[in-house]
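I have placed the structure first, in the form of structure tokens, so that the comments after it can refer back to it.
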Amino acid sequence: MAARVQSEPFDPALVTAGLGDGAGALVTFVGIVRDDGDLSALEIEHYPGMTEAALADYGQGAAARFGLTGWRVVHRYGRMAVGEQIMMVATAARHRRAAFDAADYLMDWLKSRAPFWKREIRRDGSAAWVAARDEDEASLARWQAGRPLGPP
Amino acid sequence: MAARVQSEPFDPALVTAGLGDGAGALVTFVGIVRDDGDLSALEIEHYPGMTEAALADYGQGAAARFGLTGWRVVHRYGRMAVGEQIMMVATAARHRRAAFDAADYLMDWLKSRAPFWKREIRRDGSAAWVAARDEDEASLARWQAGRPLGPP
Amino acid sequence: MAIEVLYFAWVRERVGLPRERIETGAATIRDLLAELALRSPGHAAALEDHAALRCAIDQKLTGLDAPLAGVREVAIFPPMTGG
Amino acid sequence: MAIEVLYFAWVRERVGLPRERIETGAATIRDLLAELALRSPGHAAALEDHAALRCAIDQKLTGLDAPLAGVREVAIFPPMTGG
């Protein structure tokens, strides 16, 4: 299964195992809980059922649009400490442009259209939901020039 | 040492070890000998001495331009069979845009400005030097708008 | 008709429930939000600002004006922050 | 002056040597190429089409019109195909 949603950590080497077969280019993106000074952890909530379907849908969309030879998405939910891996996208293609663009495109979809919500837990114990950023919407909109993409 | 030139295979997990520390985004690109039907192997020649300096130079340039928290480049030389890994770029940054752009930028530099030359060995034993492609020059030129970059 | 309504993130926290089953004759999600907002002060606080809400019908993202006829599951949530 | 000249890829193959030490008074790489081309038919075949050549002086990429004064090492090669 090319898309996985799980609470456990993942090993990027296992996620990409075999993915380069027949390809010339393999791009990976790993998102990490960033140390911004007083962050202790992230908590990620998701929409069981819809999440898996959405990741598979976006991955298949990227594969078709960019002619990928393969792709994988793993996204965690639950609590993750600073420094832990949150999620990963891997795209394989014959040429580097397709692999880079597909990974970039998938990240834009995941940021703004996959049903995950992040909550930041500070070292003092306070917590706050992360607000969506206009620049993530703008980044996603880059791909929509010329033809409509996916849900409204 | 963030740039390495070697004939031996490399393990992407070892190349990126520790690279995500303090980052929010880690992008990797791995180039693989692509099966194009009758290719048997690639032979890569390089310019010892200059190669190491050029990779370090381009990596440091990318780190400065995109504000990377870290980067690694490994490039092999010698003979590689179809399916083998040729080279790898890894870029780490606080945000995904910088990590993606820096990896893309470094690949453009390596394709056209690092002193490597590829020769394709066909299954029938014939061999031919790979010609540089105009589209690789065009891809590199994308980054030059606004300010001159590196050597002429 | 009976619809399962799911809430996520701060919408869930303000409503005070992760999900509830309701009977409604609402034609669209926007109409449904107006109905739900009358259920409690928590519902009102969660659902009053439509611009801050996103929704899915039967696990597919959609707009607030999507029709509800034949729908089994509606989810209401803030803009997503994955990745 | 004495300069070490290095050749790579098909330039090396056509010249028939990976490197050679030469005495030259050439002012630029372009002048040096013209001198080297007289050394053998292989040199001529390798070096006649300047548009197909790239070069480095003391291991830094440069243009064919770069001056040679004080230079120790010049490398002549086809466009690079790394990555």
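Order of the sequence lines sets the chain letters (A, B, ...), proteins ahead of strands, with each chain counted from 1.
Between A:R119 and C:E13 there is a side-chain heavy-atom pair separated by less than 4.5 Å. When side chains are defined from C-beta on, A:E45 counts as touching C:R12, because their heavy atoms get closer than 4.5 Å. For the pair C:L61/A:R113, a side-chain contact is recorded, criterion being any heavy-atom separation below 4.5 Å from C-beta on.
Side chain of A:W117 to backbone of C:P78: a donor-acceptor contact under 3.5 angstrom is found. The backbone N or O of C:G82 sits less than 3.5 Å from a side-chain atom of A:K118, completing a donor-acceptor pair.
Atoms CE and CD1, on A:M50 and C:I57 in that order, are 11.5 Å from each other to the nearest 0.5 Å.
For a residue to count as touching a neighbouring chain, one of its non-hydrogen atoms must lie under 4.5 Å from one of that chain's; by this rule C:R54 does not touch chain A. For a residue to count as touching a neighbouring chain, one of its non-hydrogen atoms must lie under 4.5 Å from one of that chain's; by this rule A:A114 touches chain C with the backbone only. Of the two parts of A:A54, neither the backbone nor the side chain holds a non-hydrogen atom closer than 4.5 Å to a non-hydrogen atom of chain C.
Counting heavy-atom neighbours within 6.0 Å of A:D134 CG, excluding the residue itself, gives a total of 12 or less.
Aromatic ring orientation, A:Y47 versus C:F8: tilted (interplanar angle from 30° to 60°).
Of the residues considered (A:K111, A:M87, A:M107), A:K111 shows the highest number of contacts with chain C, using heavy-atom pairs under 4.5 Å.
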